[in-house]
Undergrad: 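I'd like to ask you about the structure that follows.
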2 protein chains.
Amino acid sequence: MSAKARPTYSAIAKAAGVSEATVSRVLNNDERVNPERTAAVMKAVEELGYRRHRAATALASGRTGLIAVVIDDDLSVFSDPFWGTVTSGISRVLMENHLQTVLMVTSVNSVDGPVAHYLEGREVDGAIFFQLHKDALVRKLAKQGLPIVITGSPHTDTDLYFVDTDNFGGGYAATKHLMSRGCKKVAIITGDIETTAGHQRLDGYNQVYREFGRVPNKSLIRQGDYSYESGQVQMEHLLAEHPDVDAVFACNDLMALGAIAAIEAAGKSVPDDVAVIGFDDSVSSRTSRPQLSTIRQDITALGEAAAELMIAQLNGEPVESRIMPVELVLRESA
Amino acid sequence: MSAKARPTYSAIAKAAGVSEATVSRVLNNDERVNPERTAAVMKAVEELGYRRHRAATALASGRTGLIAVVIDDDLSVFSDPFWGTVTSGISRVLMENHLQTVLMVTSVNSVDGPVAHYLEGREVDGAIFFQLHKDALVRKLAKQGLPIVITGSPHTDTDLYFVDTDNFGGGYAATKHLMSRGCKKVAIITGDIETTAGHQRLDGYNQVYREFGRVPNKSLIRQGDYSYESGQVQMEHLLAEHPDVDAVFACNDLMALGAIAAIEAAGKSVPDDVAVIGFDDSVSSRTSRPQLSTIRQDITALGEAAAELMIAQLNGEPVESRIMPVELVLRESA
DNA sequence: TATCATTGTGAAATCGGTTTCACGCCTCGG
DNA sequence: CCGAGGCGTGAAACCGATTTCACAATGATA
């Protein structure tokens with residue numbers, strides 16, 4: 001009674017009375033196999049409980065069945081639930097397509113680091129990058145023919161495929177709502193303006209002003225860094241310079257919460273004196289008081305889209321970058 | 001000018017004037033190779049820029065160089081920054097040991113689902129599980145000899161290796177602080193009592209009462225479910241039944257925030273009328289007002305410990321489950 | 001009817017390492 | 001001086017799939 005060893009092609013071929021080559025053809029959906037033999041192989045596969053040996057397939061075919069998800073940890077982005085959620089969307093779609101997700105949390109900036117070696121070594125079939133800051137490595141890999149998808153907009157204009165949130169639309173919707181609400185002096189606390197996302201949200205803000213035939217006062221545009229503290233201090237500056245400011249669009253929820261703290265510390269109330277809108281629809285936007293109005297993005301869908309772009313590339317199908325829609329969620333703060 | 005093809009053993013063997021077997025020995029640190037040949041091989045490896053072909057190694061040796069991290073998505077735990085942080089700790093340590101992290105966000109409860117097939121197929125060298133609810137699959141895999149580490153305590157008493165936060169110690173420290181502060185009527189809002197973690201925190205709470213020679217009133221022990229809302233309603237019940245309750249230990253920050261909302265809604269103040277301590281040291285614990293006193297765990301360290309246990313198992317070294325220390329962080333709420 | 005394509009199939013080579021096995025050489029004990 | 005034992009080494013088998021290539025059978029064409 002030997003332990004049931006894992007069946008291989010050889011066993012299936014024997015059981016089905018065909019050659020191993022035919023087994024391979026059937027299992028890879030080669031059309032040209034006689035239906036009867038196909039059926040025989042399928043039956044044998046079923047009965048023996050055959051399962052592909054990934055390593056053997058990888059060696060012979062060059063396809064590893066693995067997709068890397070590369071996260072730049074210089075930003076410790078992974079402690080942000082945002083990335084966890086994106087990743088789970090990616091993972092789900094990949095798994096449905098019989099691909100596995102290899103997670104690499106690391107500093108990606110080096111064109112010659114361990115990650116670079118790993119990816120260049122063709123140990124994965126493709127790579128999905130998060131939040132790129134330098135794209136030298138990515139360009140290099142792309143040139144070598146490695147399928148790539150970027151989550152978040154690429155740093156520069158480029159021909160790389162990407163999926164991103166509609167940052168412009170979010171900035172536009174938030175600002176438009178504040179204006180339509182009757183606010184006269186709408187400020188913005190931006191995030192890192194170096195990033196495309198940061199810039200696009202600001203562009204949306206400016207666009208609303210333009211449509212209203214106005215130009216925002218330069219000093220209504222304050223640069224934060226996505227932290228609670230920066231929201232707080234920038235709001236303090238705003239209140240000092242513009243005591244009559246009556247609305248703020250903060251480019252993420254954390255800064256919005258900081259801003260609210262500053263507003264209330266100044267003895268004013270939200271939203272009556274100053275309306276506030278954040279961005280992200282994070283958990284704290286629901287638990288804060290007042291509850292925060294914010295821009296919601298379907299984060300899981302973003303991940304799923306990234307995975308779909310990757311799969312399309314692998315299949316040689318036409319691929320197009322995607323911008324995912326956002327939604328204004330109105331709660332108490334605006 | 002052909003593109004420089006990836007060098008293989010054959011190239012190195014030729015360059016170093018030895019056989020492929022010897023190359024393999026050198027690269028796998030086989031002691032018995034003549035130092036001169038070792039040097040020659042190393043030199044050739046260096047000069048040709050050789051890099052191992054993962055699939056070939058996997059096929060021949062059976063070691064894939066991959067460790068699965070399995071996350072039960074029934075709980076959508078991955079949108080909790082906690083798990084992202086743990087994962088990044090795991091990933092870092094594994095990568096240092098030339099192992100890659102394969103992420104599987106999925107429903108693990110089935111002993112016969114795709115995850116089960118994947119893991120049973122030996123496509124990874126080991127698996128790290130998060131937040132187990134049913135351990136049938138894990139036990140089955142362990143029986144098959146797959147190295148396993150559980151992050152969070154296993155469901156039942158077991159011989160499986162695990163790493164966990166000192167839940168008991170956290171519950172103890174929080175409650176002890178509240179008592180020492182002079183609070184007479186310290187309540188607890190527990191999380192899911194079915195989980196080991198939930199139970200252990202409660203045990204810590206009970207232990208303090210015991211040490212003070214007291215027994216907590218049954219109705220001071222309220223069961224929540226880790227959600228903001230549950231913290232809120234349980235606190236309302238507490239205030240109704242015990243108008244003189246003067247402290248609450250909530251088993252996570254979210255419930256603590258809900259409790260604070262309920263306390264303030266009842267016209268009482270935190271911490272003067274009722275002191276509150278949470279658990280997790282989440283971001284919102286710092287941004288809430290009043291800032292939340294809480295129990296901090298070193299989450300990255302937890303992940304690193306999990307990875308280390310895995311590596312020890314792979315190396316056949318002695319392995320011991322680990323309980324990671326926690327720290328009481330005092331802010332404004334207690 | 002003779003010839004050329006086309007189609008389905010299996011034998012065998014291949015992917016790039018690891019591991020077994022046998023052999024030659026050297027040392028040591030009797 | 002002979003045989004046993006140990007050590008370093010290379011040839012070759014092996015891991016489990018994929019893919020090339022040759023060949024036989026069939027159908028189409030002239």
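Below, chain A is the first sequence line, B the second, and so on; all start at residue 1.
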Undergrad: Side chain of B/Y9: nearest nucleotide among C/dT18, C/dG10, D/dG16?
TA: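 Per side-chain heavy atoms of B/Y9, the pick is C/dT18.
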Undergrad: May I ask you to say what A/S24 touches in the nucleic acid, namely base, sugar-phosphate or nothing, with a heavy-atom cut-off under 4.0 Å?
TA: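 It contacts base atoms.
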Undergrad: Can you see if the side chain of A/R52 gets near the phosphate of D/dT18 - specifically, an N or O under 4.0 Å from OP1 or OP2?
TA: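 So the side-chain polar atoms of A/R52 do come within 4.0 Å of the phosphate oxygens OP1 or OP2 of D/dT18, strictly under.
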Undergrad: Starting at the 5' end of DNA chain D, which residue's closest nucleotide do you reach first, B/V18 or A/R63?
TA: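 Result: B/V18.
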Undergrad: Taking the side chain as everything from C-beta on, heavy atoms only, tell me whether A/L48 gets closer than 4.5 Å to A/V45.
TA: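 Not touching, per the 4.5 Å side-chain cut-off.
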Undergrad: Would you compute the distance between atom CG of A/L309 and atom CD1 of A/I311 and round it to the nearest 0.5 angstrom?
TA: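 Reported to 0.5 Å precision, the distance equals 9.5 Å.
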Undergrad: A/D30 has an atom CG; how far is it from atom C1' of D/dT18, in whole Å?
TA: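 It is 12 Å, rounded to the nearest whole Å.
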Undergrad: Can you find a side chain N or O atom of B/T8 that sits less than 4.0 Å from OP1 or OP2 on C/dG16?
TA: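 For C/dG16, neither OP1 nor OP2 has a side-chain N or O of B/T8 closer than 4.0 Å.
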Undergrad: Under 3.5 Å, side chain of B/Q313 to main-chain N/O of B/I148, donor-acceptor pair present?
TA: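 Yes, B/Q313 side chain to B/I148 backbone: donor-acceptor pair under 3.5 Å.
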Undergrad: Heavy atoms under 4.0 Å, any strand shown: does A/V23 hit a base, just sugar-phosphate, or nothing?
TA: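 Since no nucleic acid heavy atom lies under 4.0 Å of A/V23, the category is nothing.
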Undergrad: Is a donor-acceptor contact shorter than 3.5 angstrom present between the side chain of B/R32 and the base of D/dG6?
TA: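 Per atom types, no contact qualifies.
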Undergrad: Give the rounded distance in Å between these two atoms: CD of A/E123 and C1' of C/dG16.
TA: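 Going from A/E123 (CD) to C/dG16 (C1'), I get 13 Å.
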Undergrad: If you take atom types as modelled and just measure distance, does the side chain of B/R25 reach the base of D/dG10 with a donor-acceptor pair under 3.5 Å?
TA: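 Answer yes: a donor N or O sits under 3.5 Å from an acceptor.
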Undergrad: Evaluate the side-chain proximity of A/V115 to A/L119: yes if any heavy-atom separation is below 4.5 Å, no if none is.
TA: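 In short, these two side chains touch, coming nearer than 4.5 Å.
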Undergrad: Compare all side-chain heavy atoms of A/I323 with those of A/V163 and state whether any distance is below 4.5 angstrom.
TA: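 Sidechains of A/V163 and A/I323: no contact.
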Undergrad: Roughly, in whole Å, what's the span from CG in A/L59 to P in C/dT18?
TA: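 Result: 12 Å.
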Undergrad: Over how many whole Å does the gap from B/K14 atom NZ to D/dG10 atom C1' extend?
TA: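 Nearest whole value for this atom pair: 15 Å.
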Undergrad: Whether B/S19 contacts D/dG10 is assessed here as follows: a side-chain N or O lying under 4.0 Å from the phosphate OP1 or OP2. Is that the case?
TA: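 Looking at the OP1 and OP2 atoms of D/dG10, one of them is under 4.0 Å from a side-chain N or O of B/S19.
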Undergrad: Looking only at the side chain of B/N34 (C-beta and beyond, no hydrogens), which of the listed nucleotides C/dT19, D/dG8, D/dG16 gets closest?
TA: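 Per side-chain heavy atoms of B/N34, the pick is D/dG8.
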Undergrad: Without decimals, in angstroms, what is the distance between A/R51 CZ and D/dA17 P?
TA: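 Atom CZ in A/R51 sits about 12 Å away from atom P in D/dA17.
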Undergrad: Choosing from C/dT18, C/dA11, D/dT18, which nucleotide comes nearest the side chain of B/S61?
TA: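 Selected nucleotide (nearest to the side chain): C/dT18.
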Undergrad: Given D/dG10, D/dA17, C/dG16, identify the nucleotide with an atom nearest to the side chain of B/A56.
TA: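 When the side chain of B/A56 is considered, C/dG16 is the closest of D/dG10, D/dA17, C/dG16.
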Undergrad: Within a strict 4.5 Å, meaning less than it, do heavy atoms of the A/T151 and A/L302 side chains meet?
TA: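 Touching, per the 4.5 Å side-chain cut-off.
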Undergrad: Taking OP1 and OP2 of D/dG10, is either one under 4.0 Å from a side-chain nitrogen or oxygen of B/T22?
TA: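 Looking at the OP1 and OP2 atoms of D/dG10, one of them is under 4.0 Å from a side-chain N or O of B/T22.
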Undergrad: B/E20 CD to D/dG10 P: how many Å, rounded?
TA: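 It is 11 Å, rounded to the nearest whole Å.
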Undergrad: D/dC15, D/dG10, C/dT9: which one has an atom nearest the side-chain heavy atoms of A/R37?
TA: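 When the side chain of A/R37 is considered, C/dT9 is the closest of D/dC15, D/dG10, C/dT9.
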Undergrad: Out of C/dG16, C/dA11, D/dT9, which nucleotide sits closest to the side chain of B/V33?
TA: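 Given the options C/dG16, C/dA11, D/dT9, the side chain of B/V33 is closest to D/dT9.
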Undergrad: Would you indicate, yes or no, if C/dG16 has its OP1 or OP2 atom less than 4.0 angstrom from a side-chain nitrogen or oxygen of B/Y50?
TA: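 It does not, given that no N or O in the side chain of B/Y50 lies less than 4.0 Å from OP1 or OP2 of C/dG16.
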Undergrad: If I take atom CG in residue A/N28 and atom C1' in nucleotide D/dT18, what distance separates them, rounded to the nearest angstrom?
TA: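 Distance, rounded to whole Å: 8 Å.
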Undergrad: Please state how far atom CZ in A/R122 lies from atom P in C/dG16, giving the value in whole angstrom units.
TA: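 Checked: the CZ to P distance equals 14 Å.
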